[in-house]
Amino acid sequence: REAPAERILAVNGRIRPRSEVAVRPPLGGELVELPFDVGDRVVAGQVIARLDAEPESAAIEQAEASVDAQEAVLAQARRNLARFEALGQFSTRREVEERRLAVAEGARELDRRRASVVQARELRDRRILRAPFSGVILERPVDPGQTVGADTVIYRLADLSSPEVTAEVDEIYAAEIRPGMAALI
């Protein structure tokens with residue numbers, strides 16, 4: 001019987017993600033958490049690995065204790081200044097200026113110590129690896145408990161939402177292929 005004929009062209013090709021990244025830690029250390037494996041989906045910003053942050057946690061505690069101590073020193077310097085200013089004519093100008101200088105130096109030192117707390121927290125936060133984009137884990141070449149360096153690949157992550165397909169078509173059929181034709185991959 002007569003009917004429309006369909007031609008099917010079967011070709012081999014390659015499929016690859018449009019974006020793929022090797023996730024590496026910014027610092028070296030021991031991997032304490034590695035919750036994902038090959039084939040798992042992650043979303044952008046999700047925690048995908050943690051390195052041991054004990055040294056940074058200890059540094060934060062030390063820096064916070066230093067801030068507390070400097071706050072006490074500054075409070076004492078302010079009380080001394082207020083006392084000398086209250087004495088009025090019974091204190092020399094030099095004594096009052098020395099107390100003002102002590103307050104100013106104490107405030108600068110407090111700012112410096114607070115900045116060291118912020119810096120220690122930022123170092124700790126760099127031990128937490130987050131997914132740079134939503135995608136699928138293609139490879140996980142390391143295991144929890146392993147010591148890694150800044151050049152170690154923790155995961156290979158790919159965005160498979162719109163993959164790129166490449167296929168070589170014989171020139172006999174190439175003339176018949178047009179944009180918008182249906183394809184099954």
Side-chain angles (χ1 to χ4, degrees), residues 8-71 107-171 173-174 177-185:
I8 297 177
L9 175 62
V11 295
N12 290 328
R14 294 177 188 252
I15 184 168
R16 70 176 206 86
R18 289 199 188 272
S19 56
E20 180 179 335
V21 68
V23 178
R24 292 181 170 89
L27 306 168
E30 180 185 345
L31 280 169
V32 293
E33 187 179 337
L34 205 60
F36 297 100
D37 208 347
V38 174
D40 291 344
R41 293 192 174 277
V42 296
V43 295
Q46 186 173 11
V47 174
I48 57 175
R50 288 182 197 272
L51 296 170
D52 180 25
E54 285 302 314
E56 285 78 9
S57 296
I60 290 169
E61 287 179 22
Q62 183 179 9
E64 287 173 341
S66 175
V67 165
D68 291 343
Q70 185 59 32
E71 285 174 342
R108 278 194 299 274
E109 180 62 19
L110 180 60
D111 289 342
R112 188 188 68 74
R113 291 183 184 191
R114 284 181 177 155
S116 70
V117 170
V118 170
Q119 182 181 18
R121 285 184 180 148
E122 287 175 358
L123 280 174
R124 181 196 59 199
D125 293 346
R126 291 179 69 195
R127 298 213 174 255
I128 299 171
L129 280 74
R130 298 183 182 278
F133 54 80
S134 297
V136 176
I137 304 291
L138 297 180
E139 180 184 13
R140 189 191 89 183
V142 294
D143 292 313
Q146 196 170 341
T147 301
V148 297
D151 59 338
T152 306
V153 174
I154 305 295
Y155 290 112
R156 287 204 187 284
L157 178 65
D159 179 7
L160 299 178
S161 61
S162 60
E164 182 178 287
V165 179
T166 307
E168 291 188 27
V169 179
D170 192 274
E171 56 193 46
Y173 304 108
I177 296 176
R178 301 204 185 351
M181 290 179 81
L184 179 63
I185 299 173

query: Checking side-chain hydrogen bond (donor to acceptor under 3.5 Å, both in side chains) for the pair Thr166/Arg14: CA distance, chi angles, key distance, verdict?
result: CA-CA 5 Å; Thr166 307; Arg14 294 177 188 252; over 6 Å; no
Enumerate donor-acceptor pairs with a distance under 3.5 Å from any side-chain N or O in residues 141-154 to protein atoms, sequence neighbours excluded.
| unit_1 | atom_1 | unit_2 | atom_2 | d |
| --- | --- | --- | --- | --- |
| Asp143 | OD1 | Arg140 | NH2 | 2.8 |
| Gln146 | OE1 | Asp143 | N | 3.0 |
| Thr152 | OG1 | Gly149 | N | 3.0 |
| Thr152 | OG1 | Gly149 | O | 3.4 |

Specify the closest pair of heavy atoms between [X] and [Y], including all atoms of both residues, with the distance to one decimal.
X	Y	answer
Pro132	Ala44	O-CB, 4.4 Å
Pro35	Val47	CG-O, 4.3 Å
Ala49	Leu31	CB-CD2, 4.4 Å
Tyr173	Val169	CB-CG1, 3.9 Å

Restricting to salt bridge (Lys or Arg N to Asp or Glu O under 4.0 Å), what partner residues turn up for [X], sequence neighbours left out?
X	result
Asp170	none
Arg24	none
Arg112	Glu109
Glu71	Arg114

Would a distance-only check, ignoring hydrogens and angles, find a side-chain to backbone donor-acceptor pair under 3.5 Å from [X] to [Y]?
X	Y	result
Glu61	Ala58	no
Ser116	Ala63	no
Arg130	Gly45	yes
Tyr155	Leu138	no

field: Pairwise side-chain contact, Leu157 with Val42, heavy-atom cut-off 4.5 Å (strictly under)
entry: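 The answer is yes; the side chains approach within 4.5 Å.
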Close side-chain approach of Val21 and Val23, heavy atoms under 4.5 Å: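 When only atoms from C-beta onward are counted, Val23 and Val21 do touch, with a gap below 4.5 Å.
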Pairs touching residues 154-169 that satisfy salt bridge (Lys or Arg N to Asp or Glu O under 4.0 Å), sequence neighbours left out: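 Only Arg16-Glu164, Arg18-Glu164, Glu139-Arg156 qualify under salt bridge (Lys or Arg N to Asp or Glu O under 4.0 Å).
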field: Sequence neighbours excluded, every pair satisfying salt bridge (Lys or Arg N to Asp or Glu O under 4.0 Å) that has a member inside residues 46-57
entry: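 Applying salt bridge (Lys or Arg N to Asp or Glu O under 4.0 Å) to every pair that reaches into residues 46-57, excluding sequence neighbours, yields Glu33-Arg50, Glu56-Arg127.
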message: Can you tell me if Gln62 has over 12 outside heavy atoms packed within less than 6.0 Å of its CD?
response: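 Not more than 12 within 6.0 Å, no.
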message: Please determine whether the number of non-hydrogen atoms from other residues, nucleotides or ligands lying under 6.0 Å from atom CZ of Phe133 exceeds 12.
response: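 Enclosed.
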Approximate separation, where rounding is to 0.5 Å, of [X] [atom1] and [Y] [atom2]:
X	Y	atom1	atom2	value
Ile48	Asp40	CD1	CG	11.5 Å
Leu123	Ser57	CG	OG	11.0 Å
Ile177	Leu9	CD1	CG	5.5 Å

field: Residue list, side-chain contact (heavy atoms from CB on, under 4.5 Å) with Val136, at least two apart or on another chain
entry: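 Arg41, Leu160.
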query: How would you list, by chain and number, every residue that makes a side chain to side chain donor-acceptor pair (under 3.5 Å) with Glu64, sequence neighbours excluded?
result: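 Side chain to side chain donor-acceptor pair (under 3.5 Å) check on Glu64 returns Arg121.
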